[in-house]
Each structure stands twice: as C-alpha cells, then as structure tokens.
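When reading the values below, keep in mind they use all heavy atoms of this one structure, side chains included, and skip hydrogens, waters and symmetry mates.
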Number of protein chains: 2
Amino acid sequence: MGMETYIQVLKNNRLKVTPRRKAIIGVFMKHGVRMGPYELYEKLKRKLPKLGLPTVYRILEELKDAGILVQSLAEDRRLRYALCACPDEHHHHFTCRKCKKVEEVEFCNFNGLSSFIEKNLNAKVESHNLQIEGLCARCR
Amino acid sequence: MGMETYIQVLKNNRLKVTPRRKAIIGVFMKHGVRMGPYELYEKLKRKLPKLGLPTVYRILEELKDAGILVQSLAEDRRLRYALCACPDEHHHHFTCRKCKKVEEVEFCNFNGLSSFIEKNLNAKVESHNLQIEGLCARCR
DNA sequence: TGGATAAATAGAAATGATTTCTATTTATAC
DNA sequence: GTATAAATAGAAATCATTTCTATTTATCCA
Ligand SMILES: [Mn+2]
Ligand SMILES: [Mn+2]
Ligand SMILES: [Zn+2]
Ligand SMILES: [Zn+2]
C-alpha cells in the first residue's frame with residue numbers, strides 16, 4: 001500500500017493529515033518491521049526535532065484504531081506496532097526474532113479450534129490471539 | 001493435582017516450602033481462575049497480614065519458572081497467572097471472559113501453521129503463542 | 001486567499017505496575 | 001539446637017505509559 005492510500009484512510013477516519021502522522025506511517029513503510037513508540041521517536045527526532053514522545057504514543061493508538069497498524073506486546077511486555085495490509089480479513093502475523101520483520105499469515109484453523117473447544121469444554125470461543133515468531137527467509 | 005504434588009515440584013526446583021508459596025498455590029487450586037499479583041495479595045492478606053506485594057510478584061515468577069503456573073498478559077496489559085496441569089505437553093489455554101476460569105486446550109494445529117509459513121514465507125517458525133477467550137460452559 | 005474552529009501537539013507532570021534494595025526472618029540440613 | 005543460605009517485608013526506585021494545559025496547525029468556508 002502506498003502513502004496515498006494511508007492518507008485516504010486517515011481522512012476516512014476524520015484524522016487530519018499532519019506531518020507527524022505521515023512521518024510515522026513512512027517509517028513503517030520504509031522498514032516493514034515491528035516497532036515500539038520510543039524506537040519511532042528516536043528514528044524521527046532528526047527530521048522532527050520538536051516531536052514529543054506522548055505524540056508518538058497517541059498517533060500509534062490512532063493508527064491502530066484506524067486499522068493501519070496492529071498492536072502487540074513483545075516478550076519485554078512493551079508496546080509494539082506493525083503495518084497491517086488487510087485488517088478486515090481475519091489473519092495473523094509472523095515476526096522475525098532477529099530483524100523484527102512482520103509478514104502476513106493467511107492461515108488460521110479457527111474452525112477446528114472452535115469446534116474442538118465447543119465439543120470438549122462446552123464453551124463458546126469469542127476471540128483468539130496468535131503470535132508467531134521465528135526466523136524470516138533472510139535471517140534463517 | 002494436589003498440594004503434595006506441587007510441594008514436590010518446589011523441592012525438585014530447590015525452592016523452600018514456605019507458607020507464602022503454599023498459600024499462593026492454594027488460592028489457585030481453590031479458584032481455578034486466572035489471577036494477577038494484586039488480586040492474590042488481596043485474597044491472602046487476611047490470612048497473612050504481613051505479606052508483601054513484592055513477595056507475591058517474586059513467588060509468581062518462581063512458580064512460573066518451576067512450571068506450576070503459566071504467565072500471560074490480559075487485555076489491560078497486566079500480568080496474569082494460572083495453574084497449568086501439564087507444562088511439558090504443548091497445549092494452550094482457554095479463559096472465560098466472565099469468570100476468568102482457565103481450561104486446558106489440547107488442540108493445536110502447529111504442523112499446519114508451520115508448514116504453511118515454511119511454504120509461503122520460506123521462514124522458520126520457532127514459537128507461537130495462542131490465547132483463546134470466550135465464555136465457559138457455566139457462563140455462556 | 002485569509003480567518004474561524006476544532007483537532008493536534010509539545011512539554012511538563014502524574015500515574016501505577018513492576019522491580020530493586022537492604023535489613024530481618026525462616027526453612028532446611030547437619 | 002545451630003549454621004546457612006534462601007526467603008521475606010517494607011521502603012524506595014524504575015520506567016513505560018498516560019494525563020494535562022497552553023500553544024500551534026490542518027481544514028473548512030466566506
Ligand atoms: Mn495483517
Ligand atoms: Mn496448561
Ligand atoms: Zn529476519
Ligand atoms: Zn466462565
């Protein structure tokens with residue numbers, strides 16, 4: 001997806017198209033990697049010396065709500081975000097342990113899981129969250 | 001599993017069998033529910049008025065390392081722990097959104113997932129974490 | 001094109017879960 | 001019982017995240 005598409009998503013969500021928001025999206029587009037608020041802040045403060053860390057936190061949250069980013073918690077329990085190409089289709093993400101690249105995984109055995117639990121526990125599955133880690137093609 | 005079994009696990013891990021450790025295990029055995037450090041602290045301070053919150057944090061971590069508890073992060077991003085009956089077998093856990101009961105789920109399509117990713121991304125899957133939520137048989 | 005307006009932002013400060021530190025207590029081995 | 005290392009309480013520190021307020025800015029419209 002190009003920047004123009006993301007700008008349109010911002011507009012659709014009544015978010016102003018600001019230099020800060022474009023810059024943050026730009027960093028994600030450039031690196032294709034999972035990043036935390038402070039990492040983005042560090043990467044951007046050369047270009048935007050007056051950028052504030054709370055602004056980064058807020059923008060990341062807004063971009064998540066707009067469906068541009070997905071949020072996750074890394075093993076250090078801190079916030080991470082990554083671009084998500086198709087937030088409307090149910091899918092998961094694979095993250096490389098070494099380079100942090102995030103790739104879409106269009107595979108999910110939700111039905112099998114759901115019917116197993118339905119049958120064995122007589123419970124109703126309402127959501128599931130799957131985080132997959134490993135080594136990407138380059139890093140393996 | 002009974003308390004005696006857990007006491008043996010403590011001994012196997014060179015952890016002393018203290019009233020605090022037994023009390024924390026006891027709360028989990030009694031409730032079968034996912035709990036956070038502060039919740040345990042509150043439940044225990046009648047019986048153990050001198051209990052300190054840092055002690056609860058430390059014991060929970062130790063019990064996790066010993067394989068008695070599993071750690072997770074709830075949606076509020078805070079620590080939660082639950083008993084795990086068979087830490088050696090790969091499996092997942094189902095948590096009831098309403099009553100927080102945790103049940104074992106001996107279902108996992110790891111092979112399918114792994115070979116999908118291997119084929120499509122040419123990546124190597126090293127770990128996955130699946131959290132399943134819904135309503136248990138009683139609460140649904 | 002410029003002014004009005006609400007949204008966005010910076011910077012300082014607060015928050016609060018979690019961790020660290022140190023003196024004291026306690027479980028365990030002998 | 002005593003010695004020992006492990007465990008604990010309580011105070012304090014840490015630090016990621018959030019809140020607050022004054023200022024700036026993107027957007028809309030005359
Ligand atoms: Mn995605
Ligand atoms: Mn288990
Ligand atoms: Zn990689
Ligand atoms: Zn329930």
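Summarising the geometry, the separation between CD on A:Glu61 and C1' on C:dA8 is reported as 16 Å, rounded to the nearest angstrom. Atom pair B:Arg21:CZ and C:dT25:C1' shows a separation of 14 Å (rounding to whole Å applied). Atom CG in A:Leu15 sits roughly 10 Å away from atom C1' in C:dA8 (whole-Å rounding). Look at NZ on B:Lys22: it is 9 Å from P on C:dA27, rounded to the nearest Å. In this structure, B:Ile59 atom CD1 and C:dT18 atom P are separated by 16 Å, rounded to whole Å. B:Ile24 places its CD1 atom 12 Å from the C1' atom of D:dT8, with the value rounded to the nearest Å. Between A:Leu48 atom CG and C:dA8 atom P there is a gap of 17 Å when expressed in whole angstrom units. Counting to the nearest Å, the C1' atom of C:dT19 and the CD atom of B:Gln71 are 14 Å from each other.
Between B:Tyr38 and B:Tyr41, the ring planes are tilted. Angles from 30° to 60° get that label. Using a 30° and 60° split on the angle between ring planes, A:Phe116 and B:Phe107 fall in the tilted class, from 30° to 60°. Between A:His93 and A:His91, the ring-plane angle classifies as perpendicular under the 30° and 60° cut-offs.
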>> Does B:Glu133 form a salt bridge (charged side-chain N to carboxylate O under 4.0 Å, His left out) with B:Arg34? I'd like the steps, not just the answer.
In response: CA-CA 12 Å; B:Glu133 305 219 339; B:Arg34 185 171 85 170; 3.5 Å; yes
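The side chain of B:Thr55 sits closest to D:dT8 out of C:dT20, D:dT8, D:dT17. The nucleotide whose nearest atom lies closest to any side-chain atom of B:Tyr57 is, among D:dT8, D:dG10, C:dA17, C:dA17. Among the nucleotides D:dA7, C:dA8, C:dT18, the one closest to the side chain of B:Arg78 is C:dT18. Checked against D:dA11, C:dA8, D:dT17, the side chain of A:Thr18 finds its nearest nucleotide in C:dA8. Listed nucleotides: C:dT18, C:dT9, D:dT27. Nearest to the side chain of A:Lys16: D:dT27.
Nearer the 5' end of DNA chain C, as judged by each residue's closest nucleotide, is the contact made by A:Val56, out of B:Lys11 and A:Val56.
Dashed line: the shortest gap from a side-chain N or O of A:Arg58 to OP1 or OP2 of C:dA8 is not under 4.0 Å. B:Arg77 has a side-chain polar atom (N or O) that falls below the 4.0 Å cut-off from OP1 or OP2 of D:dT18.
Across all strands shown, A:Pro49 has no heavy atoms under 4.0 Å from either base or sugar-phosphate atoms.
Among the candidates A:Arg140, A:Lys98, A:Arg97, the single residue satisfying the salt bridge (Lys or Arg N to Asp or Glu O under 4.0 Å) test with B:Glu126 is A:Arg97.
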